[in-house]
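Some notes on the structure that comes next.
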Amino acid sequence: MSKPYDFEFEVRKDFAAGFSCSRENQNADCSPARPVYLTLSESITRADLQGITLVGASGKQYPSDIDESDSTISSVKFPGPFAEHETLTLNVPAGLKDESGRMLSNAGQFPMKVRMASYSPMLKFASSSFGIIERKADAADGKAPWHVPLTVRYIENQLAIKDQRLSPGTISDYVPQEDADVLKAYARVRRLDETSMTAKNIRAVMNDQPDSHTENKPVYIDTRSVSMLAENPNATTITLPGVKTAAKHREFEVLGVPLQQPGFHVLEAKSASLGQALLANKNPMYVRSSVLVTNMAVHIKKGRDDLLVWVTTLDDAKPVAHAQVNVLDCSGKTLLTGQTGSDGIWHYRKAVKGEDYCNNTQLSGLFVSARIGPDHPLAAGTGDYSFAFTSWDNGIESWRFNVPTDSSAQPTVRAHTILDRSLFRAGETASMKHLLRTLTRDGFALPDINTLPAQMSIELVGGEDEYKLPVTWQQTSGGNVFSASDWKIPEDIKRGQYRIVLDPDGQAYETGQFRVEDFKLPLLAGQLSITDAAGEKGPLIAPKAVRLDMQMRYLSGGAAGRLPVDISALSRDRSISFRDYDDYAFDPPQQIAADADSEQEENADDSDTSRIIVNKQKMTLDAQGRGTLALDALPASDRARNITFEGSFMDPNGQVQTVSRTVAVWPAAYVAGIRSGYLVQQEKAAAISVITLDTQGRPAATVPVTVRAVSYTYQTVRKRLVGGFYSYDTHRVAKDLGTICTGTSGADGKFACDISLKEQGRVSLIAEVTDSAGRHAQAESSVYVVGAGEMWFSGGENNDRIDIIADKKEYQPGETAQFQVRMPFRQANALVAIEREGVLETRQVALSGTNPTFTVQIKPQWGPNVYVSVLALRGRIRDSAQNPDLSWGESASALPTA
């Protein structure tokens, strides 16, 4: 070697431990209200965790929060809370090593002393940036004052002259009256909420202008140090309740900020001590919120072609008649005005044009307000006001309801091409008829003939070949619009699949496909017939043998006698579904070995389950072109299958032709289906439903049903490989939980029961039905069982959706459709809407827990389809049968006023 070589490489850092906590600022002690953490640069085993402790000055040991399922640990969390000004000791065991056996490099820093600060000052509105207070929540008369909760802790006291009491300060209150002012004030509070901006952008917010991002060297200011109402001449002052002690700081408490009039309020509190603790510039800190005091709710349905507003009361969910309705865009520009009818509904049956997003307010959607005067029967002597945005749809977004949605302002287009056939030879002529329609609230509509495309393209699928053709649209005397095209296929065209594309307004619509191939017309035709071994037609139920009959003839006439034929048969598992029961699972459980890993389970559904049961068995037809073949010893199966039979023969045109027939084979005379939710709470009753059908999808009554449960756990082991690498070995372990439900199906084929599961994790529910011959069919549905303390989010789902169950999937004009509403209310007032691209019709119905149903008469003009929606409202419950001793609190008469 003539010269040295330098090789750069990186080695692992030393095994070290660190400590972290939350602080008011970088020089402060740890916050006692927040968790503290011991962080490790490498993982350790659970056994080494036992020696890591956090001990208080009094000897109290604080527990750690570690996931029990973790076999190795890289950080330890101590959730607290801790005592103020306490000195804690963080202990790490001597000789602590990581998984690689390396010693802790900074072991000399432990035991470590950790100093806790006092609890931080707090000044916080319960409503954050926006909240709603019901006027009649505390009392049926809904009289002032109404109180906004304000949490304070360690905030300075200021001397108030009135009543010689000590007050924590004052709060500014701004009550805008016009809709545009309400919208802009609401936007300002949101834009200034706990963020940092330049002085230029803060002025832009106050002037309702868009943010600027053109400053070269921006200097950011904490918006909490800026007052929003200091220069507002319309802002009033509210004096808070005081304390009779002269303490420097007031302890933790919740105050009620009294509001004397309904409507929209912007509240702003000022605190010098909070600014000293939390702001870098030590200026006084401003805490803001906005509150809507009202007894009205505004519900909005916005379609492409219309806008519907339903105004109701909050206390009893009744419609508010003759309410003034104003519609503004997100910038504050008034678009529409109207008034609700006796049913509380205002329906504007035209498209509403407005900006989807406004830079000057950073809001989206339409702003819709409703107001009533003091002389209104529901106003209780004081006018009322409420509003909502069309963008307030969290939990009720359109996509949650499994219906097609299109947010474009342009009408949805449906284009289709009708071909005289789908297979052509080169040189032949393809005849086409093109149709293009738009979807509207009233059904299919004809587009403007001037907007229709002037040309079409024919494109090779998977290739770059493209043919452009002119399109001429014709209008009939009846008002119909169509285009007819004839295209002579070039002789040198590439063979393959071609698609037809129309391109109106720059949107490409594939309207059809056809193939171009070289082929000869067959001279023979035939058919296959599959029956059971006795020759009886009907569904094949667990057959041990089948009979195949084949008939061949010449297209010109006459039987194809003495024709040699090769018979083949292929069996495949099939997935079962029925259109009228698409919410049920019909597939049986997958047969997976107990020691199969997770990857094998994921691929189980994708595995090839096909099996050849007959392979080119020779058969010669008789003189009449007929042949019969008995297929014995068919393989048994506990799931539904498709068997495809094929007969191959030499056609007189010189090509090998095939006739085929696919038949369904069932394990039993009945089919089982099961429906369950996705999440189930441990040891809580959960409803499931089993459906029993015959092989044609018709309900089967009085069929024995059994439901059993199987839990699955996954065991993962990490293995260390050569070179410091690791691999993971995962196995599934099944545990039979036994039978949880038995019974028989009703006249509608359904069997419902409530189940309660103790095992946590994934549990499979397996429904089994038995026919008169003792044959079984199964269906599986999986649920995830969570612990009692884990379902903290609205019953397991993050939405406000309820289910509507129709008695049928399809209806004819003139029929009456019946719907069942599955709602969590005992009583509700519901708005039923018939919708498409907009709302066609509405009605209000009263629903109860004993009869949560309603009917709709199907009208001819609703074709080809409509959607039925239900918005269920329940008023405030003041007398609870579940809590007869519950009494509602009364407002204290001595509370301070503005």
Side-chain angles (χ1 to χ4, degrees), residues 132 134 136-137 294-303 306-321 323 340-347 368 370 378 386-403 405 583 675 677 686-687 689 793-807 816-836 838-857 866-882:
I132 296 177
E134 297 183 41
K136 299 184 179 181
T294 184
N295 189 43
M296 297 195 305
V298 179
H299 316 280
I300 312 167
K301 282 183 174 292
K302 182 180 182 298
D306 65 347
L307 179 74
L308 184 140
V309 179
W310 187 34
V311 183
T312 61
T313 57
L314 290 174
D315 61 333
D316 56 11
K318 299 300 182 183
V320 179
T340 60
S342 58
D343 55 0
I345 295 175
W346 176 66
H347 192 185
V368 180
L378 299 177
S386 186
F387 66 86
F389 284 86
T390 56
S391 57
W392 288 357
D393 61 352
N394 288 346
I396 54 172
E397 299 92 336
S398 300
W399 54 264
R400 294 186 184 273
F401 298 88
N402 300 323
V403 297
T405 57
D583 51 346
R675 182 181 65 198
S689 176
F793 41 87
S794 302
E797 296 186 7
N798 62 336
N799 61 64
D800 296 312
R801 170 182 164 170
I802 58 177
D803 289 328
I804 309 173
I805 309 300
D807 59 340
T816 299
Q818 186 174 32
F819 299 91
Q820 180 190 79
V821 182
R822 295 184 175 179
M823 61 179 184
F825 305 145
R826 293 179 179 271
Q827 303 285 338
N829 182 31
L831 176 68
V832 177
I834 311 299
E835 304 181 37
R836 200 150 44 199
V839 177
L840 297 173
E841 189 175 296
T842 60
R843 55 186 290 201
Q844 295 184 52
V845 297
L847 300 175
S848 67
T850 57
N851 184 27
T853 62
F854 64 93
T855 59
V856 174
Q857 192 77 18
V866 292
Y867 301 96
V868 179
S869 69
V870 174
L871 174 59
L873 304 178
R874 186 200 67 188
R876 177 168 288 276
I877 297 178
R878 300 189 182 277
D879 297 319
S880 175
Q882 289 79 15

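Side chains are part of it too, since the values below use all heavy atoms of this structure and drop only hydrogens, waters and symmetry mates.
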(request) On the 0 to 90° scale, with breaks at 30° and 60°, tag the His299-Trp310 ring pair as parallel, tilted or perpendicular. (result) tilted
(request) Evaluate the ring planes of Phe389 and Trp392, with Trp represented by its six-membered ring, and classify them as parallel (under 30°), tilted (30 to 60°) or perpendicular (over 60°). (result) tilted
Once rounded to the nearest 0.5 Å, what's the spacing between atom [atom1] of [X] and atom [atom2] of [Y]?
X      : Y      : atom1 : atom2 : value
Trp346 : Ile300 : CH2   : CD1   : 10.5 Å
His347 : Glu841 : NE2   : CD    : 11.0 Å
Gln844 : Leu831 : CD    : CG    : 6.0 Å
Thr855 : Phe819 : OG1   : CZ    : 9.5 Å
Thr853 : Ile805 : OG1   : CD1   : 13.0 Å
Ile396 : Ile802 : CD1   : CD1   : 11.0 Å

(message) For Ser848 and Gln827, which I'm curious about, is there any donor-acceptor pair between the side chains at under 3.5 Å?
(response) no
(request) Please assess Lys301 against Ser869 for the test side-chain hydrogen bond (donor to acceptor under 3.5 Å, both in side chains), listing each intermediate value before the final yes or no. (result) CA-CA 11 Å; Lys301 282 183 174 292; Ser869 69; 3.1 Å; yes
(message) Any non-hydrogen side-chain atom of Ile834 less than 4.5 Å from a side-chain atom of Val868?
(response) yes
Ignoring hydrogens, what is the shortest heavy-atom contact between [X] and [Y]? Give both atom names and the distance.
X      : Y      : result
Ala321 : Ser342 : CB-CA, 3.7 Å
Leu314 : Ala297 : CD2-CB, 3.7 Å
Val298 : Ala370 : CG2-CB, 3.9 Å

(message) Applying side-chain contact (heavy atoms from CB on, under 4.5 Å) to Arg876 and Lys136, what does each step give before you reach the verdict?
(response) CA-CA 9 Å; Arg876 177 168 288 276; Lys136 299 184 179 181; over 6 Å; no
(message) Please check: side-chain N/O of Asn829 versus main-chain N/O of Ala317, any donor-acceptor pairing under 3.5 Å?
(response) yes
(request) Could you tell me whether a side-chain N or O of Thr340 sits under 3.5 Å from a main-chain N or O of Val320, the two making a donor and an acceptor? (result) yes
(request) Given side-chain contact (heavy atoms from CB on, under 4.5 Å), test Leu847 with Phe825 step by step and report yes or no. (result) CA-CA 9 Å; Leu847 300 175; Phe825 305 145; over 6 Å; no
(request) With Val839 as reference, evaluate Asp306, Ile345, Leu307 under the side-chain contact (heavy atoms from CB on, under 4.5 Å) test and give the passing residue. (result) Asp306
(request) Decide side-chain contact (heavy atoms from CB on, under 4.5 Å) for Met296 and Leu378; before the verdict, give the C-alpha distance in whole Å, the side-chain angles of both, and the deciding distance to 0.1 Å. (result) CA-CA 10 Å; Met296 297 195 305; Leu378 299 177; over 6 Å; no
(request) Just do the side-chain contact (heavy atoms from CB on, under 4.5 Å) check on Val866 and Arg836 with the steps written out, would you? (result) CA-CA 5 Å; Val866 292; Arg836 200 150 44 199; 3.8 Å; yes
